[in-house]
Every structure is written in C-alpha cells, then in structure tokens.
Amino acid sequence: MKIKSMELFKVPPRWLFLKITTDDGIVGWGEPVVEGKADTVRTAVEEMSEYLIGKDPGNIEDLWQVLYRGGFYRGGPILSSAISGIEQALWDIKGKKLGVPVYDLLGGPVRDKMRVYAWIGGDKPSDVAEAAKEKIAQGYTAIKMNGTSEMEWIDSPAKIEEAVERLAAVRAAIGNSNGIGVDLHGRVHKTMAKVLIKEMEPFKPMFIEEPVLAENYEVIHEITKGSSVPIATGERMYTRWDFKRLLTHGGVDIIQPDLSHAGGIWEVRKIAAMAEAFDVAVAPHCPLGPIALASSLQLDFCTPNAFIQEQSLGIHYNQGSDLLDYLVDPGVFDYEGGFVKRLTKPGLGIEIDEAKVREMAAIGHQWRNPVWRNEDGVVTEW
C-alpha cells in the first residue's frame with residue numbers, strides 16, 4: 001500500500017482538512033491547521049507531500065521522524081501542525097486497513113465514554129450565567145468561558161472584580177456539582193494573574209487555563225505553587241520537547257496539548273504518558289473541527305489520565321458552519337449526560353461527507369483573529 005494523493009480543503013468556519021488516498025483506495029482524513037494561518041499550513045503540507053507520495057502510509061513513526069527531523073528546522077506551530085494533520089490521516093488509514101479504531105492500535109480502551117465541556121460567553125464574556133444554565137440544561141456537566149477581556153500589565157481592581165463577579169454568577173447559576181473552566185487565554189501578565197486567581201479561588205473553578213503565556217514556564221510554576229485551583233496550559237506547545245520543559249519544572253496540574261498542533265495522535269499519546277509519570281492530568285485542546293475532535297477522542301479512550309475533552313459545537317468562532325456539518329452521521333458525537341460514547345468504527349471513527357467538504361471548500365474562509373489594543377493604544381494579547 002502506497003500514498004497515491006494528498007488533497008487539501010479550506011472550509012468554513014476556519015478549518016483546513018486533508019484527504020490522503022492510497023493506491024488501493026483507502027482514504028484517511030486529517031486536520032492540519034493553525035487558526036488564522038490556514039494557507040501557511042497548507043503550503044507546509046504541500047511541501048511535505050513531495051516526500052510522502054509513494055511511501056507506505058503504515059510506517060507512521062518513520063514518516064513522522066522524517067517530517068520532523070529531516071528538514072533541519074523543526075517544531076513550532078506551522079511545521080508541527082502540518083505534521084499533526086498528516087499523522088491523523090495516516091492513523092485513519094491504518095485503522096481502516098485493519099478494521100479497528102485507532103485506540104485499539106494504541107493499547108486498547110480504558111473507558112467507555114469521555115466527559116466533554118461546552119463553551120459559553122465569547123471572546124469578551126457576557127451573559128455567562130444564563131448561557132451556563134442553558135448548557136447544563138442541554139446535559140453538559142461542565143462549561144468553559146474566557147475569564148476576562150484585554151488586560152493591562154498592571155490593571156485596576158475594578159477589572160478584577162468584574163471577572164470574579166462573572167465567575168461567581170456562573171457558580172451560583174449552576175451549583176457546585178458542575179465544572180467551570182476559566183480560560184485566561186494568556187491575556188493576563190504575572191502580577192495580575194496572581195491577584196485574579198486568588199480572588200477566583202472561593203468559586204472553585206475546575207481549572208484555570210493559560211493564566212500567562214505558555215512560554216513563561218517559570219511563572220506558571222510560581223502560580224501553580226501559590227494556587228489551590230488546578231492550573232492548565234499547553235495549547236501553544238508543540239511536541240514532547242516543549243512539554244518536557246513544562247513537566248520537569250513541576251509547574252502545571254493539567255496539560256492541554258492540541259492534536260492538530262502538537263504532533264498528532266501518537267505524539268500526544270507520548271506526551272500524555274510523560275504527564276502520567278509526573279501525576280499530571282490531560283485535557284486535550286480542541287476548538288476545531290470534527291476530524292480534530294475524533295482524533296482527540298481516539299487519544300482519550302486509550303489514555304488513563306485524560307479527564308475531559310474540549311469540543312467546538314456552538315463555539316463563538318463557528319460562524320457559517322459548525323462541528324457536525326461535515327459528518328455523514330453526526331450521531332457519533334451525541335452527548336449524553338455530559339459524555340460522548342466510545343467511537344467504534346475503524347480509523348478515526350467518523351465518516352466525512354466529502355461532497356459537503358467540496359461544496360464548502362468552494363466558499364473557503366479568510367479567518368483571522370482580532371488585534372486587541374489597550375486604552376493607550378498598546379497591542380495586547382487576544
């Protein structure tokens with residue numbers, strides 16, 4: 001079996017899909033994308049395809065090693081995301097060839113269902129209490145929201161109070177039995193993060209995500225030591241080498257590798273095993289499309305320290321198209337009681353509606369994240 005062709009589709013709302021076809025007609029799908037840089041990742045995948053065409057798709061480890069190490073420059077969001085989507089498609093092919101789900105090839109299942117959470121509130125959170133109640137009424141047992149909008153290096157007590165009041169309102173609306181993830185999105189600098197997290201502690205967040213930018217390893221360690229709230233990070237880290245630095249610093253409670261950015265399914269399984277050795281939980285980042293979610297769930301079902309899964313259904317980014325629109329059978333992602341049942345079909349466990357993909361690729365997208373500035377005009381984190 002050889003790789004015959006590779007085709008890319010840029011589809012709304014902000015995704016890039018990859019179709020790999022073998023010479024015996026097996027098709028694998030992957031999702032190689034950096035949000036806002038889809039065309040850049042497309043070019044990286046096309047460059048990598050020059051090596052891949054004609055190769056055996058079953059040699060996933062060797063192909064990964066060549067793509068990662070063979071180009072001299074390695075890592076980072078673009079190259080790692082290109083490899084991630086390719087790797088997902090290769091696992092999809094291998095699973096379909098052998099007639100088993102990917103998790104069966106990675107040690108077999110450790111759970112029957114996986115807990116998921118839903119987003120509320122948008123980029124600049126508002127009306128979060130009512131939105132949280134709606135999600136809980138739909139059957140979710142956990143939600144996540146942005147904790148704050150733009151923040152100065154040293155900001156006002158009023159900004160802190162606003163953020164804490166929003167969290168307090170959500171906790172009051174949904175009670176203590178349901179989880180609340182608070183995403184600070186790397187928007188908050190060290191000094192204000194320590195103040196904000198301390199004020200949020202009484203409302204018992206499930207975790208606080210990206211309290212500072214991921215590259216500030218030493219700050220994350222300092223914050224974790226001083227907080228009773230679990231601290232999560234990792235969506236902007238790539239391959240086991242980034243996570244090695246984080247884990248050996250001892251500065252995190254939950255890692256959040258993204259299977260479309262961090263190197264793919266097998267690479268994130270390696271990262272999760274490293275985290276398990278440090279007694280750290282895993283909650284894969286996934287505000288993306290159905291292929292990325294299916295890949296994440298394949299990891300979750302064979303990973304004991306995975307405890308909850310992000311998914312993008314109804315997320316504020318999904319304008320003009322949503323998670324289930326590209327699936328032949330959207331029922332594979334039915335959420336019951338806040339969980340999704342274990343996927344059982346071969347490969348990634350989903351069937352992509354290729355006609356819909358081609359229809360929407362003709363529309364495409366030019367998604368870009370906004371550029372935020374503080375009141376004085378200085379660029380700040382989005």
Colleague: Is the shortest side-chain heavy-atom distance between Q88 and I265 below 4.5 Å?
Modeller: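 Counting from C-beta outward, Q88 and I265 do come under 4.5 Å.
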Colleague: Count the heavy atoms belonging to other residues, nucleotides or ligands that lie under 6.0 Å from CZ of R368, then report whether that count exceeds 12.
Modeller: yes
Colleague: Side chains of E35 and W15 only: does a donor on one sit below 3.5 Å from an acceptor on the other?
Modeller: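 No pair is found: no donor N or O on one side chain lies under 3.5 Å from an acceptor on the other.
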Colleague: Take D325 and K356, measure what salt bridge (Lys or Arg N to Asp or Glu O under 4.0 Å) needs, and give me the verdict at the end.
Modeller: CA-CA 8 Å; D325 294 348; K356 182 67 173 181; 5.9 Å; no
Colleague: Could you verify whether a donor N or O on one side chain and an acceptor N or O on the other, from E150 and N374, lie under 3.5 Å apart?
Modeller: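 No pair is found: no donor N or O on one side chain lies under 3.5 Å from an acceptor on the other.
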Colleague: Find the distance between CG (D300) and CZ (R342) and round it off to the nearest 0.5 Å.
Modeller: 12.5 Å
Colleague: In the single-linkage hydrophobic clustering (I, L, V, M, F, W, Y; side-chain heavy atoms under 4.5 Å), do I86 and V34 co-cluster?
Modeller: yes
Colleague: Hey, would you say the F17 and Y326 ring centroids sit under 6.0 Å apart?
Modeller: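 When the ring centroids of F17 and Y326 are compared, they turn out to be within the sub-6.0 Å range.
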Colleague: Out of E210, Q256, E215, which one pairs with R236 under the side chain to side chain donor-acceptor pair (under 3.5 Å) rule?
Modeller: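 Of all the options given, the one that passes is E210.
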Colleague: If you round to the nearest 0.5 Å, how far is CD1 of I154 from CD of E152?
Modeller: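 Those atoms lie 9.5 Å apart.
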Colleague: With no hydrogens and no angle check, just 3.5 Å: does a side-chain donor-acceptor pair link H285 and E235?
Modeller: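 The answer is yes; a qualifying pair exists.
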Colleague: Indicate whether any N or O donor in one side chain lies under 3.5 Å from an N or O acceptor in the other, for H261 and S81.
Modeller: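 Present: a donor and an acceptor within the cut-off.
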Colleague: Quick check: do W119 and I143 have side-chain heavy atoms less than 4.5 Å from each other?
Modeller: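 Answer no - side chains too far apart.
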Colleague: Strictly distance-based, threshold 3.5 Å: is any side-chain N or O of R358 a donor or acceptor partner for the main-chain N or O of A362?
Modeller: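 No.
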Colleague: Answer yes or no: is there an ion pair linking E201 with K198, defined by an N-O contact shorter than 4.0 Å?
Modeller: no
Colleague: Quick one, D62 with K55, criterion salt bridge (Lys or Arg N to Asp or Glu O under 4.0 Å). Give me CA distance, side-chain angles, the key distance, then yes/no.
Modeller: CA-CA 11 Å; D62 182 67; K55 298 296 190 298; over 6 Å; no
Colleague: Looking at R42 and L16, would you say the former's side chain and the latter's main chain have a donor-acceptor pair under 3.5 Å?
Modeller: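 A pair under 3.5 Å: no.
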Colleague: Please answer whether the main-chain N or O of S260 pairs with a side-chain N or O of E31 as donor and acceptor at a distance below 3.5 Å.
Modeller: no
Colleague: Could you tell me the separation between the CG atom of L297 and the CD atom of Q309, rounded to the nearest 0.5 Å?
Modeller: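 Going from the CG atom of L297 to the CD atom of Q309 covers 5.5 Å.
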Colleague: Cut-off 3.5 Å, side chains only: do E61 and W266 have a donor facing an acceptor?
Modeller: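 The answer is yes; a qualifying pair exists.
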Colleague: Hey, are Q138 and E134 close enough side-chain-wise for a donor-acceptor pair under 3.5 Å?
Modeller: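 Side-chain D/A pair, E134 to Q138: absent.
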Colleague: Answer yes or no: are there more than 12 heavy-atom neighbours, outside K37 itself, under 6.0 Å from its atom NZ?
Modeller: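 No.
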Colleague: Can you tell me which residue among V229, T224, V188, I197 is in a side-chain contact (heavy atoms from CB on, under 4.5 Å) with P211?
Modeller: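 That would be I197.
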Colleague: Can you establish whether the number of heavy atoms outside D279 located under 6.0 Å from its atom CG is more than 12?
Modeller: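 No.
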Colleague: Any sub-3.5 Å donor-acceptor pair from N146's side-chain atoms to K124's backbone N or O?
Modeller: no
Colleague: Do you know which of T303, L259, V282 makes side-chain contact (heavy atoms from CB on, under 4.5 Å) with R269?
Modeller: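 So, applying the side-chain contact (heavy atoms from CB on, under 4.5 Å) to R269 and each of T303, L259, V282, only T303 qualifies.
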Colleague: Grouping I, L, V, M, F, W and Y whenever their side-chain heavy atoms are under 4.5 Å apart, do L106 and V110 come out in a common cluster?
Modeller: no
Colleague: Quick one, M237 and I271 - any side-chain contact, counting heavy atoms below 4.5 Å?
Modeller: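 When only atoms from C-beta onward are counted, I271 and M237 do not touch, as no gap falls below 4.5 Å.
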Colleague: Check whether any side-chain heavy atom of Y68 sits under 4.5 Å from a side-chain heavy atom of E267, and report yes or no.
Modeller: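 When only atoms from C-beta onward are counted, E267 and Y68 do not touch, as no gap falls below 4.5 Å.
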Colleague: Give, for atom CE of M360 and atom CD1 of I363, the distance between the pair rounded to the nearest 0.5 Å.
Modeller: 4.0 Å
Colleague: Can any side-chain N or O of D183 pair as donor or acceptor with the backbone N or O of H185 at less than 3.5 Å?
Modeller: yes
Colleague: Would you say the side chain of I20 lies within less than 4.5 Å of the side chain of S5, judging by non-hydrogen atoms?
Modeller: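 Contact flag for S5/I20 side chains = no.
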Colleague: Could you walk me through whether K159 and S156 satisfy the side-chain contact (heavy atoms from CB on, under 4.5 Å) test, starting with their C-alpha distance in whole Å, then the side-chain angles of each, then the deciding distance to 0.1 Å, before giving a yes or no?
Modeller: CA-CA 5 Å; K159 187 77 72 73; S156 66; 3.7 Å; yes
Colleague: Is it true that, when you exclude D127 itself, more than 12 heavy atoms of the residues, nucleotides or ligands shown sit nearer than 6.0 Å to its CG?
Modeller: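 Open: at most 12 neighbouring heavy atoms sit under 6.0 Å from CG of D127.
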Colleague: Would you say the side chain of M1 lies within less than 4.5 Å of the side chain of D23, judging by non-hydrogen atoms?
Modeller: yes
Colleague: So, taking the atom named CG in D242 and the one named OH in Y217, what distance separates them when rounded to the nearest 0.5 Å?
Modeller: 4.0 Å
Colleague: Determine whether the side chains of E209 and T233 contain a donor N or O and an acceptor N or O closer than 3.5 Å.
Modeller: no
Colleague: Look only at the side chain of S312 and the backbone of I315, and say whether a donor-acceptor pair between them is shorter than 3.5 Å.
Modeller: no
Colleague: Within the structure provided, determine whether E310 and Y117 are in side-chain contact (heavy-atom separation under 4.5 Å).
Modeller: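 E310 reaches Y117 side chain to side chain.
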Colleague: Are R115 and T141 linked by a side-chain donor-acceptor pair shorter than 3.5 Å?
Modeller: yes
Colleague: Would you give the length of the straight line joining atom CG of L196 to atom CG of D155, rounded to the nearest 0.5 angstrom?
Modeller: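 These two atoms lie 10.0 Å from each other.
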Colleague: Okay, side chain of T22, backbone of I26: is any donor-acceptor separation there less than 3.5 Å?
Modeller: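 Between the backbone of I26 and the side chain of T22 there is a qualifying donor-acceptor contact (under 3.5 Å).
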Colleague: Find out whether K341 and D334 are in side-chain contact, i.e. whether some heavy atom of one side chain is under 4.5 Å from a heavy atom of the other.
Modeller: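 A side-chain contact under 4.5 Å is absent here.
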Colleague: Tell me whether the count of non-hydrogen atoms from other residues, nucleotides or ligands lying under 6.0 Å of NZ in K270 goes above 12.
Modeller: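 Counting neighbours around NZ of K270, more than 12 heavy atoms of other residues, nucleotides or ligands fall under 6.0 Å, so yes.
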Colleague: Taking it one step at a time, do I308 and V116 satisfy side-chain contact (heavy atoms from CB on, under 4.5 Å)?
Modeller: CA-CA 5 Å; I308 199 164; V116 297; 5.7 Å; no
Colleague: Check the surroundings of atom NZ in K113: do more than 12 heavy atoms from other residues, nucleotides or ligands lie under 6.0 Å from it?
Modeller: no
Colleague: Output all residues satisfying side-chain contact (heavy atoms from CB on, under 4.5 Å) with E351, sequence neighbours left out; order by chain, then residue number.
Modeller: V328
Colleague: Should we count CH2 of W153 as having more than 12 external heavy atoms under 6.0 Å?
Modeller: no
Colleague: Taking atom types as modelled, is there a side-chain donor on W382 or D123 under 3.5 Å from an acceptor on the other?
Modeller: yes
Colleague: Hey, does the side chain of N318 reach the backbone of P13 with a donor-acceptor pair shorter than 3.5 angstrom?
Modeller: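 It does not hold such a pair.
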